[in-house]
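Computed from a predicted structure; not experimentally measured. Order of the sequence lines sets the chain letters (A, B, ...), proteins ahead of strands, with each chain counted from 1.
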2 protein chains.
Amino acid sequence: MAEPVYLKIADDIRKQITYGLLSANDPLSSEKELCSKYSVSRMTVRKSLSILVDENLLYSVPGKGYFTKKINRDKYLFLFDELDILIGSNKESQLMEVEIIKPTAELIYHLRVSPDKRIVVIKHLLYSDGEIVAYDIKYIPYFTGIPIVEKEINYITFPEIIASRTSIFDVHRKIAISMEIPPDEIINLLNLSLYDPVIIIQQHILDQEGLPIGFGQLYCHYKKCRIEGISVIGE
Amino acid sequence: MAEPVYLKIADDIRKQITYGLLSANDPLSSEKELCSKYSVSRMTVRKSLSILVDENLLYSVPGKGYFTKKINRDKYLFLFDELDILIGSNKESQLMEVEIIKPTAELIYHLRVSPDKRIVVIKHLLYSDGEIVAYDIKYIPYFTGIPIVEKEINYITFPEIIASRTSIFDVHRKIAISMEIPPDEIINLLNLSLYDPVIIIQQHILDQEGLPIGFGQLYCHYKKCRIEGISVIGE
DNA sequence: CAGTGGTCTAGACCACTGG
DNA sequence: CAGTGGTCTAGACCACTGC
């Protein structure tokens with residue numbers, strides 16, 4: 001018995017879905033019927049079915065049964081790391097500046113803070129092969145206990161700063177990748193020509209209620225950035 | 001009993017990890033000990049632990065026990081769809097051309113085919129608000145049965161074409177996002193200025209052995225593309 | 001109402017790990 | 001060897017669905 005029974009059953013049912021014997025929203029046999037069909041206990045059948053539910057091939061409706069799902073393969077899993085996405089070797093991140101400012105209109109909107117709230121701004125320069133290739137700026141509403149000493153900040157990540165006042169598991173992040181012609185400040189920093197666009201990776205850090213608790217933008221030279229991912233099976 | 005017992009136990013253990021009572025690679029109590037601690041059967045404890053394993057907070061070693069995992073929150077899940085990433089409304093994809101060519105050096109490399117193999121090329125134009133904003137080109141080594149009639153191709157997706165000779169579940173995809181100054185052909189198509197870069201989304205379709213069975217590039221106007229994702233907890 | 005999935009118990013045997 | 005997790009059985013009660 002090299003392969004557990006529940007895996008064999010899962011494989012068998014998966015094939016029925018894969019090879020089109022079952023199509024979207026078709027009902028499956030009931031757990032009890034599958035028990036007799038495969039001559040196993042209910043727990044074993046449930047284990048098999050739970051695998052297929054995890055794989056997004058099935059869903060269950062209490063009191064009704066199991067049904068096959070419409071599949072969509074257009075989800076990609078990306079490993080995103082500020083240094084990982086840069087092209088080149090000898091990549092490093094260097095703290096440029098930490099300051100406390102009054103929020104701009106854009107920050108009032110993104111962080112949903114009042115205009116008199118103070119905002120901690122953390123700026124980093126990212127190097128690849130000795131050249132400046134990206135500029136990273138993070139905004140966090142000031143709270144007591146937030147690290148603002150440069151020495152402390154240099155070695156902790158964005159979520160870690162945020163998480164110092166909440167659990168890291170209650171923090172969600174949204175990310176968006178787009179391109180724009182950057183402001184002059186960034187054109188100079190990244191040594192760009194006048195109308196060169198940059199890749200902007202925008203991060204929104206949210207608490208468990210979906211309220212913003214941090215906002216960041218990474219401006220990256222368009223020739224020095226590459227983001228890679230692999231497909232996963234989604235709903 | 002609003003919340004099942006196994007969820008309460010999972011929450012309890014999750015908090016111990018979250019709030020730092022347990023740190024990376026610390027051993028957990030054994031299943032048996034947890035059974036007595038919470039006064040439940042082994043299956044209930046196992047259900048709780050399996051949730052935390054799925055959440056990437058724990059891993060188990062047969063014969064030894066459960067251990068807490070080092071967490072890494074830098075994984076993002078992206079929903080990727082050729083039309084979804086375009087900015088604007090009234091988005092549509094239109095078939096431009098289908099042809100069969102001899103592979104270029106680049107295609108021989110990416111598709112690992114011999115120079116005398118024929119390649120099916122499928123070109124689409126993507127519109128947003130009536131304007132051409134992206135150009136999509138897909139390459140698939142010719143095989144008998146591949147749809148090459150324009151009418152047929154217009155309504156099926158890249159993976160579906162590929163999957164006609166294999167199961168869709170045996171197909172993997174890799175994706176990479178980068179930016180480049182495009183060739184002249186694309187500058188004209190997308191109405192770009194001479195040195196405007198484009199966003200390139202490169203797709204590699206692989207079979208279960210990792211061998212290439214398709215290759216595609218989407219060239220998108222840099223102002224008309226935005227890719228969004230959400231964070232997931234990874235290993 | 002009978003049938004479904006969701007939860008849960010109290011056992012069992014196995015392969016694996018460590019001392 | 002005793003202890004661990006991995007697999008599996010044969011029951012049970014519940015809330016929910018459709019008729």
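Atom pair A/Y59:OH and C/dG6:C1' shows a separation of 18 Å (rounding to whole Å applied). Atom CD1 of B/I51 and atom P of C/dG6 are 13 Å apart (whole Å). One can place CG of B/L34 at 10 Å from P of D/dT4, the figure rounded to the nearest angstrom. For the pair A/I9 CD1 and D/dT7 C1', the interatomic distance rounds to 12 Å; values are reported in whole Å. For the pair B/L28 CG and D/dG3 C1', the computed distance is 16 Å after rounding to whole Å. In this entry the distance linking NZ of B/K8 with C1' of C/dC8 reads 14 Å, nearest Å. The nearest whole Å value for the distance from the NZ atom in B/K47 to the P atom in C/dG6 is 8 Å. One can place CD of B/E31 at 14 Å from C1' of D/dC8, the figure rounded to the nearest angstrom.
Closest of all the heavy-atom pairs between B/P103 and B/S114 is CG-O, 3.8 Å. Annotation for A/P141 and A/V113: closest pair CG-CG1, 4.0 Å, computed over non-hydrogen atoms.
Between atom CD1 of residue B/I177 and atom CD1 of residue A/I227 there is a gap of 5.0 Å, rounded to the nearest 0.5 Å.
Note on A/S30: a side-chain N or O is less than 4.0 Å away from OP1 or OP2 of C/dT4. Put simply, B/K64 has a side-chain N or O that comes within less than 4.0 Å of OP1 or OP2 on C/dG18. Listed pair A/Y66 / C/dG6 meets the phosphate criterion, a side-chain N or O lying under 4.0 Å from OP1 or OP2. Proximity of B/Y6 to the phosphate of C/dT7: a side-chain N or O atom is located under 4.0 Å from OP1 or OP2.
You'll find that the side chain of A/R46 is closest to C/dG5, out of D/dC8, D/dG5, C/dG5. Set against D/dC8, C/dC8, C/dG5, the side chain of A/S60 has C/dG5 as its closest nucleotide.
Listed by chain and residue number, A/R14 satisfy the side-chain hydrogen bond (donor to acceptor under 3.5 Å, both in side chains) test with A/D11 (two or more places apart in sequence, or in another chain).
Looking at B/E3 and B/K8, no side-chain N of the basic residue comes within less than 4.0 Å of a carboxylate O on the acidic one, giving no salt bridge.
When each of A/I137, A/L95, A/D136 is tested with A/I122 by the rule side chain to side chain contact (heavy atoms under 4.5 Å, CB included), just one qualifies, namely A/L95. Of the candidates B/K64, B/R46, B/K37, B/R46 is the only one forming a salt bridge (Lys or Arg N to Asp or Glu O under 4.0 Å) with B/E31.
Residues B/N90 and B/Y127 have side chains not in contact (no heavy-atom distance under 4.5 Å, counting atoms from C-beta outward). Counting heavy atoms from C-beta on, the side chains of A/V133 and A/I87 never come closer than 4.5 Å.
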Please produce a list of atom pairs where a protein N or O lies less than 3.5 Å from an N or O of nucleotides 10-15 of chain C.
{"unit_1": "C/dA12", "atom_1": "N6", "unit_2": "B/R42", "atom_2": "NH1", "d": "3.0"}

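Pairs of Watson-Crick or G-U wobble type, with distances under 3.5 Å, assemble into runs of 3 or more in DNA chain D at these ranges: C:3-16 with D:3-16.
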